[in-house]
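Input: a single structure, listed below in structure tokens.
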Number of protein chains: 2
Amino acid sequence: MTNIRDIARESGYSVSTVSRVLNHKKYVSPAVRDHIEQVMQQLNYVPNAVARDLSSGHTKTIGVALAMVAHPYYTTLVKGITEAAFEEGYQVTLLPTDYDAKLERRYLEQLRQHAFDGLIFTSHSMPISEIAAAQAFGPVVVCQDPGSVTIPAAFTDRQASYHEAFAWIKQAGYQRIGLMLPRDPKVSATASAMVQAYTNVIGAAPAADLTWIGSMAYADGRKAGAFFAANGADFVFANGDDIAMGVHDYYQQNHLPLPGLMGQENQVSSALLGISTIDHHFHAVGRAALALATGAKTGQIKIASDFIARP
Amino acid sequence: MTNIRDIARESGYSVSTVSRVLNHKKYVSPAVRDHIEQVMQQLNYVPNAVARDLSSGHTKTIGVALAMVAHPYYTTLVKGITEAAFEEGYQVTLLPTDYDAKLERRYLEQLRQHAFDGLIFTSHSMPISEIAAAQAFGPVVVCQDPGSVTIPAAFTDRQASYHEAFAWIKQAGYQRIGLMLPRDPKVSATASAMVQAYTNVIGAAPAADLTWIGSMAYADGRKAGAFFAANGADFVFANGDDIAMGVHDYYQQNHLPLPGLMGQENQVSSALLGISTIDHHFHAVGRAALALATGAKTGQIKIASDFIARP
DNA sequence: GTAAAGTGTGGGACGCGTTTCAGGTCAAGA
DNA sequence: TCTTGACCTGAAACGCGTCCCACACTTTAC
């Protein structure tokens, strides 16, 4: 591999001048520029990206920690992040966590080692306080409401739309309202937000026989369908449109009368089923998160979510 | 930022010894090791990842060029890639192309500059011959059948399942079989494979009034539905389950008699509609592509796809 | 006419870890 | 006793650009 010093020697100019040519800077006479460019061509010279990063002190890369790679929540978020990153000249590195705090810590350590310029946690299993402490290593962004913890965050304001959604359910006269949560509300901010809204609006916390914990995809919806059917739910509020569809299918295939249904994420499936859903605008959240990670914006960015009622 | 030389000076040992401690190498006496570790602790030392990459000559990063970030084909592929990468100690950087050959070239240039150790094209708009030529820059992998071009490739053997699918359609007695293609078959290998199978099995190339070009997602399916309804198709073979669902919805909402339908990708939606589909096993393709990009495997890896018939 | 400003180049330090090679010590085996 | 080899440590080169500073010369500007 030929390097910048080879070019300098071969062309008869200094490394500084070659560097100037390389970076299209001023103060190089046209003749010299041409000559050096020719030599670079001849020696098939390519500047080394890693050396550049080392020298410049940044990588123009943002790490994105995500629990699941192929899941609509993460996919949409990543799309927003990637899109904004591209516009800003950053690249995005995917860091799978599988909800493992150990892995999350490993990625924070990488941030500390300057492997990337910033780190976005699309979800996190570590305590938020620990993540906040890691800001000493570099820009860290979370995608959930950090509460009183001081840390850059981009997230949807779920409460407003959750309240709206439950009010809608209540008004429709449903009595036994089932709730599907992605994970235990003790560890999942999303789940606890749903429980809280349920409790506030309906007037009581969801009963155990109306609460399903651990739903990520369609197949979970089918399993949950059996659970809710057995427990006589007349409404099921799922944590995703595909999941709601799973519930729907269970009832239908077993020729049971369908309960009321509501999903989240505003995917194709809820439109198909004609059920209500909530659009959390994760794409916008992703864009905001990227802006925070690069330092283009600071503080906390709350994005409104929309309750989409369908009769 | 304190560096390895600071540690050497402060501890009274040489840089080499500190490096040995850092990398848990043999030939450091326990006492010295302890002492140096203590100094590193005190000075809050963290090795610089970029300097390491520069020195070691690799980044342990694989670039993944993809046309669309939030699309089931790419998502599934990326999941397979990421999963395998994690196991092998590699990281994955997402490189959005939006089907733009210019961007693809830019990423090849980055490979040349050693920004990553390998590059996977999940799809490509550049001519394959040009990509093959770029192998001089480093490992480049494509995810489509490269034909006679010599380049590492991981892809699904679509022909077998496409043939099976069309044979199934033919046997069912359909006469006006509509075909939905993601892009122009002149530029898309996937599209041309579909056209070829259609032609072989049905006995004639798909007519213009039965061919829809440019379908990526559900919404395109709805548009195509109008097209096929107007042209009297009695069957529609879509290039995705969600797309097929779009077609289905168009017919249903306009109270038209449903045509036969078939999708691809074996997603939730085809199961819901009870229509046939093809599972291309993109997850496995992704894993194979990663193995090729790291050099763990070589050559071309063809993965069988499955035709899933549903009455 | 002379100071100020702009232009063109080079030297060399800096960012930072890895690795090769040399030199020295000490104990086990012949 | 001599050899061999494992063990410990250091000097310095290497991977490769970037950037500040100095120096020299040429234009403007007043």
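In this text, all values refer to a predicted model and were calculated from it rather than measured experimentally. Below, chains carry the letters A, B, ... as their sequence lines are ordered, and counting in each starts from 1.
- One can place CG of A:Asn3 at 16 Å from P of D:dA13, the figure rounded to the nearest angstrom.
- Whole-Å rounding puts the A:His35 NE2 to C:dT9 C1' distance at 15 Å.
- Close to C:dG17, at under 4.0 Å from its OP1 or OP2, lies no side-chain N or O of B:Asn23.
- Qualifying side chain to side chain contact (heavy atoms under 4.5 Å, CB included) partners for A:Gln41, counting only residues two or more places apart in sequence or in other chains: none.
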Enumerate the protein-to-nucleotides 5-7 of chain C contacts in which both atoms are nitrogen or oxygen and the separation is below 3.5 Å.
residue : atom : partner : partner atom : Å
C:dT7   : OP2  : A:Tyr27 : OH           : 3.1

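- Distance, A:Arg9 CZ to C:dG12 C1': 16 Å, rounded to whole Å.
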Give the table of side-chain donor-acceptor pairs shorter than 3.5 Å for residues 184-192 of chain B, with sequence neighbours excluded, one pair per line with atom names and distance.
residue  : atom : partner  : partner atom : Å
B:Asp184 : OD1  : B:Lys186 : N            : 2.7
B:Ser188 : OG   : B:Thr190 : N            : 3.4
B:Ser188 : OG   : B:Ala191 : N            : 3.0
B:Ser192 : OG   : B:Ala189 : O            : 3.2

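- A heavy atom closer than 4.0 Å to some atom of DNA chain D occurs in A:Val15, A:Ser16, A:Ser19, these being the qualifying members of residues 10-20 of chain A.
- Residues B:Lys60 and B:Glu88 are not in side-chain contact: their nearest non-hydrogen atoms beyond the backbone lie 4.5 Å or more apart.
- The side chain to side chain contact (heavy atoms under 4.5 Å, CB included) test applied to B:Ser14 returns B:Ser16, B:Thr17, not counting sequence neighbours.
- Atom-to-atom, NZ of A:Lys25 to P of C:dT9 comes out at 16 Å; the value is rounded to the nearest Å.
- For the helix from C:dG1-D:dC30 to C:dA30-D:dT1, the terminal axes (five pairs an end, C1' atoms, rotation from four pairs onto the next four) enclose an angle of 30°, given to 10 degrees.
- We find that CD1 of B:Ile4 is positioned 14 Å from C1' of D:dT9, with the value rounded to whole Å.
- Within a 6.0 Å radius of CD in A:Glu10, other residues, nucleotides and ligands contribute 12 heavy atoms or fewer.
- When the C1' atom of D:dC14 is taken as reference, atom CZ of B:Arg5 falls 11 Å away, rounded to whole Å.
- The distance from atom CG of B:Leu22 to atom P of D:dT9 is 16 Å, rounded to the nearest whole Å.
- Under the side chain to side chain contact (heavy atoms under 4.5 Å, CB included) criterion, B:Ala304 pairs with no residue at all, not counting sequence neighbours.
- A:Ile303 approaches A:Val285 most closely through the heavy-atom pair CD1-N, 3.6 Å.
- The list of salt bridge (charged side-chain N to carboxylate O under 4.0 Å, His left out) pairs with a residue in residues 116-128 of chain A, not counting sequence neighbours, is empty.
- Remark: A:His114 pairs with B:Met1, B:Asn48 by the side chain to side chain contact (heavy atoms under 4.5 Å, CB included) rule, at least two apart or across chains.
- For DNA chain D, the neighbouring residues in residues 40-55 of chain B, judged by any heavy atom under 4.0 Å, are B:Ala51, B:Leu54, B:Ser55.
- Applying the ring pair (Phe, Tyr, Trp, His ring centres under 6.0 Å) test to every pair with at least one member in residues 70-101 of chain A, sequence neighbours left out, gives these pairs: A:His71-A:Tyr74, A:Tyr73-A:Phe282.
- There is a side-chain donor-acceptor pair under 3.5 Å between B:Gln110 and A:Gln91.
- For the pair A:Ile7 CD1 and D:dC16 P, the interatomic distance rounds to 12 Å; values are reported in whole Å.
- Proximity of A:Glu130 to A:His124: side-chain heavy atoms (C-beta onward) are nowhere separated by under 4.5 Å.
- The closest side-chain heavy-atom distance from A:Leu77 to A:Cys143 is below 4.5 Å.
- Contact between the side-chain N/O atoms of B:Ser29 and the OP1/OP2 oxygens of D:dC7 is not found at any separation under 4.0 Å.
- With sequence neighbours excluded, no residue forms a salt bridge (charged side-chain N to carboxylate O under 4.0 Å, His left out) with A:Arg106.
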